[in-house]
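Counting starts at 1 for both ligands and their atoms, following the listed order. Given the structure is predicted, the values throughout are model-derived calculations rather than measurements. All heavy atoms count here, side chains included; hydrogens, waters and symmetry mates do not.
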Amino acid sequence: MWNLADQQIESRLFIGSAMYPSPKIMADAIRASRADVVTVSLRRQAQQASAQNIFWETIKETGLHVLPNTAGCHSVKEAVTTSQMARELFDTNWIKLEVIGDEYSLQPDPFALLEATRELIAQGFEVFPYCTDDLVLCEKLVDAGCRILMPWGAPIGTGKGLINPYALKQLRQRMPDITLVVDAGIGAPSHAAQAMELGYDAVLLNTAIARSPDPVTMARGFGAAVEAGRCAYEAGIMPEKDLAQPSTPTLGTPFWQQNG
Ligand SMILES: CC(=O)[C@@H](O)[C@H](O)COP(=O)(O)O
């Protein structure tokens, strides 16, 4: 168990709820991933109100912690209003704050993100900001009152994995007491394991599972990878060496020549 914003949870995988082929496949994939936190977008588009209702019911039935998000917001005002609606709807002060600054890369706008964060924290929200891996921005978000940061691995939906492991490593070293979650751009279970091996507290992903030809099996794979990466981090990963070193001792007497 570990502590996320004063809640004890087990899994270190946060899962998205968009773009699944059906609500049933989404529910099955969420279950297979063994995630404890699911993120939902308030600005989600559904063709019919009935489809929207099925979606919300399915999310509720999972019994998971819901982390509403402000995906699709491009301004402080939009993000703050969406967060307030999310608090009413889901009865939670958690908000994954996304304020997009560039339509091409979907890169968060660091200035608007900081402004919206300050405003929402003043209103009593627990802000989970989706940010870049910029150290100075991250420090300012912490100064604003964030206990959790969600730097990107790569732009949303690209599946490129950790494009700047150096920056992510620096963040982990410089912020040992902050909960750090790699959010977005994770394409394969090995990317998720790499984030966990760096000592990140969790990873959040959506596209790689929802858009897989087999979301349920992929979700199971991601759940296992996150656990494997965390085990490796906790156990301590061996340092790399330049010189080869035999893993089988060559000294001593072979066992078939030993007496007795
Ligand atoms: C669902 C959600 O919150 C996304 O905005 C998130 O950032 C995940 O990104 P990927 O779809 O790249 O995993």
Item to complete: Please list, by chain and number, the protein residues whose heavy atoms come under 4.0 Å of ligand 1.
Response: Thr39, Asn69, Lys96, Glu98, Ile156, Gly157, Asp183, Ala184, Gly185, Leu204, Leu205, Asn206, Thr207

Worksheet item: Should we say atom CG of Asp91 is surrounded by more than 12 heavy atoms from elsewhere, each under 6.0 Å from it?
Response: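 Check fails, neighbour count at 12 or below.
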
Discussion item. If you count heavy atoms of other groups shown closer than 6.0 angstrom to CZ of Arg211, is the number above 12?
Written reply: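 Incorrect, the count does not exceed 12.
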
Worksheet item: When you measure from the side chain of Thr81 to the backbone N and O of Lys77, does any donor-acceptor pair fall under 3.5 Å?
Response: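 Here the side-chain-to-backbone pair exists.
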
Fill in: Residues Arg230 and Glu197 bridged, charged N to O under 4.0 Å
no

Discussion item. Tell me whether the rings of Trp94 and Phe128 are parallel (<30°), tilted (30 to 60°) or perpendicular (>60°).
Written reply: tilted

Discussion item. Using the side chain to side chain contact (heavy atoms under 4.5 Å, CB included) definition, which of the options Asn93, Thr70, Asn69, Val127 pairs with Ser83?
Written reply: Thr70

